[in-house]
Visitor: 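One structure, pasted below without further comment.
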Amino acid sequence: MKPLDITFTVACSPVHAFEIWTAQTSLWWPTGHSVSADPGLTVTFEPRRGGRIFERTPTGVEHEWGEIVDWEPPRRLRYLWHLRRDRSDATDVDITFDPHDDGTLVTIVHSGWERLGAAGPEWRDRNRQGWAGLLPHFERACADVAV
């Protein structure tokens, strides 16, 4: 099954785009794209290969979202993604941040749908919609800190 290929530009440097995606995620990630939907949640990318991606509610409850496979700041980030799914159903997200004119070219390749068997096409479509709802928040956060 074909991966989702998403390419867009943001109005900040690759260093800032990578930082906003990985270290300032809680500032822009919409709660509707989480497990708890708690307005006070924090999103954490542990900054290393093997690091966890998870949300933590204000009461300390954690929900696992994924695991870092490659950590190459500020150029590339690759992770297993299983938000609201079992880890065995994880898909692959590979993001690159490349210099481009007055900002950064962000390329996302989201693959691994075949691991989900017959549910793969539905989850691919759901994730396409999820990315469409998520990325404008990231783009705004990048524009707010344009450097």
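Please read these numbers as outputs of a predicted model, since none were measured by experiment.
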Visitor: At what distance, to the nearest 0.5 angstrom, does CD1 of I108 lie from CG of D5?
Guide: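 One gets 10.5 Å once the value is rounded to the nearest 0.5 Å.
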Visitor: So which heavy atom on C12 is nearest to which on A17, and how close?
Guide: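 Result for this residue pair: SG-N, 3.6 Å.
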Visitor: Using every non-hydrogen atom in the two residues, find where D98 and T96 come nearest and quote the distance to one decimal.
Guide: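 Residues D98 and T96, closest heavy atoms: OD2-OG1, 3.8 Å.
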Visitor: Nearest 0.5 Å, what's the CG-NE2 distance between L27 and H137?
Guide: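 Result: 13.0 Å between the selected atoms.
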Visitor: What pair of heavy atoms forms the shortest contact from G112 to T91, and how long is it?
Guide: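 So the minimum-distance heavy-atom pair works out to O-CG2, 4.0 Å.
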Visitor: What closest approach, in Å, do D89 and L116 show between heavy atoms, and which atom pair accounts for it?
Guide: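 Smallest heavy-atom distance, with atoms named: O-CD2, 3.2 Å.
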Visitor: Residues in salt bridge (Lys or Arg N to Asp or Glu O under 4.0 Å) with E46, at least two apart?
Guide: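 So E46 forms a salt bridge (Lys or Arg N to Asp or Glu O under 4.0 Å) with R48, R52.
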Visitor: Between H110 and W131, is the ring centroid distance below 6.0 Å?
Guide: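 Ring centroids of H110 and W131 are less than 6.0 Å from each other.
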Visitor: Ring centres under 6.0 Å, that's the criterion: do F45 and Y79 meet it?
Guide: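 Centroid separation for F45 and Y79: below 6.0 Å.
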Visitor: Can we say E67 and R87 salt-bridge, meaning some charged N sits less than 4.0 Å from an Asp/Glu carboxylate O?
Guide: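 Answer for the salt bridge query: yes.
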Visitor: I'd like to know if the side chain of W29 and the backbone of H33 have a donor-acceptor N/O pair within less than 3.5 Å.
Guide: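 Checking the backbone N and O of H33 against the side chain of W29, a donor-acceptor pair under 3.5 Å is found.
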Visitor: Show, in sequence, the C-alpha distance, side-chain angles and deciding distance for L83 and R85, and conclude whether the side-chain contact (heavy atoms from CB on, under 4.5 Å) test is met.
Guide: CA-CA 5 Å; L83 176 68; R85 305 224 14 123; over 6 Å; no
Visitor: Please report the interatomic distance CG(L135) to CD1(I6), rounded to the nearest 0.5 Å.
Guide: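 If we round to the nearest 0.5 Å, L135:CG and I6:CD1 are 5.5 Å apart.
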Visitor: Side-chain heavy atoms nearer than 4.5 Å, only ILVMFWY residues, links allowed to pass through others: does that put V15 and W21 together?
Guide: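 No, V15 does not connect to W21 through the hydrophobic network.
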Visitor: Starting from V109, can I reach W113 by hopping between I/L/V/M/F/W/Y residues whose side chains sit under 4.5 Å apart?
Guide: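 Cluster IDs for W113 and V109 differ.
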Visitor: Side chains of E55 and T42: any donor to acceptor distance under 3.5 Å?
Guide: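 There is no such pair (donor and acceptor under 3.5 Å, judged by atom type) between the side chains of T42 and E55.
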Visitor: Report whether V10 and I20 are members of the same hydrophobic cluster (ILVMFWY, side-chain heavy atoms less than 4.5 Å apart, transitive linking).
Guide: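 Yes.
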Visitor: Applying ring pair (Phe, Tyr, Trp, His ring centres under 6.0 Å), name anything that partners F18, two or more places apart in sequence or on another chain.
Guide: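 In terms of ring pair (Phe, Tyr, Trp, His ring centres under 6.0 Å), with neighbours along the sequence ignored, F18 is linked to W71, F97.
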Visitor: Hey, quick one: are L134 and F54 part of the same hydrophobic cluster, counting side-chain heavy atoms closer than 4.5 Å, chains of contacts allowed?
Guide: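 Looking at the clustering, F54 is in a separate group from L134.
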Visitor: With clusters built from Ile, Leu, Val, Met, Phe, Trp and Tyr whose side-chain heavy atoms come within less than 4.5 Å, directly or transitively, what are the remaining members of the cluster of L80, listed by chain and number?
Guide: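 Members other than L80 - counting any ILVMFWY side chain reachable under 4.5 Å - are V69.
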Visitor: What is the minimum heavy-atom distance between L41 and S34, and which atoms define it?
Guide: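 Shortest heavy-atom contact: CD2-OG, 3.3 Å.
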Visitor: Sub-3.5 Å donor-acceptor pair from the side chain of T7 to the main-chain atoms of T107, do we have one?
Guide: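 No, because the side chain of T7 does not come within donor-acceptor range (under 3.5 Å) of the backbone of T107.
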Visitor: What is the minimum heavy-atom distance between T104 and P14, and which atoms define it?
Guide: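 Distance-wise, the nearest heavy atoms are OG1-N, 2.8 Å.
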Visitor: Hey, any chance V93 and M1 share a hydrophobic cluster, counting ILVMFWY side chains that come within less than 4.5 Å of each other, even indirectly?
Guide: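 They do share one cluster, since a chain of ILVMFWY contacts under 4.5 Å joins V93 to M1.
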Visitor: When you measure from the side chain of R115 to the backbone N and O of G120, does any donor-acceptor pair fall under 3.5 Å?
Guide: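 Pair absent, no side-chain N/O of R115 close to backbone of G120.
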Visitor: Would you compute the distance between atom CZ of R56 and atom OG of S26 and round it to the nearest 0.5 angstrom?
Guide: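 Spacing of CZ (R56) from OG (S26) equals 10.0 Å.
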Visitor: Report the distance from atom CD1 of I53 to atom OG1 of T44, rounding to the nearest 0.5 Å.
Guide: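 Here the rounded value is 10.5 Å.
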Visitor: For the backbone of P3 and the side chain of R124, can you confirm whether one donor and one acceptor N or O come within less than 3.5 Å of each other?
Guide: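 Confirmed, R124 side chain pairs with P3 backbone.
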Visitor: Does the separation of the ring centres of W28 and F138 fall below 6.0 angstrom?
Guide: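 Judged by ring-centre distance (under 6.0 Å), W28 and F138 do meet the cut-off.
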Visitor: Does R76 pair with D70 as a salt bridge, N-O distance under 4.0 Å?
Guide: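 Counted as a salt bridge, because a side-chain N and a carboxylate O are separated by less than 4.0 Å.
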Visitor: Measure the NE2-CG distance between H16 and D144 for me, rounded to the nearest 0.5 Å.
Guide: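 Rounded to the nearest 0.5 Å, the NE2-CG separation comes to 12.0 Å.
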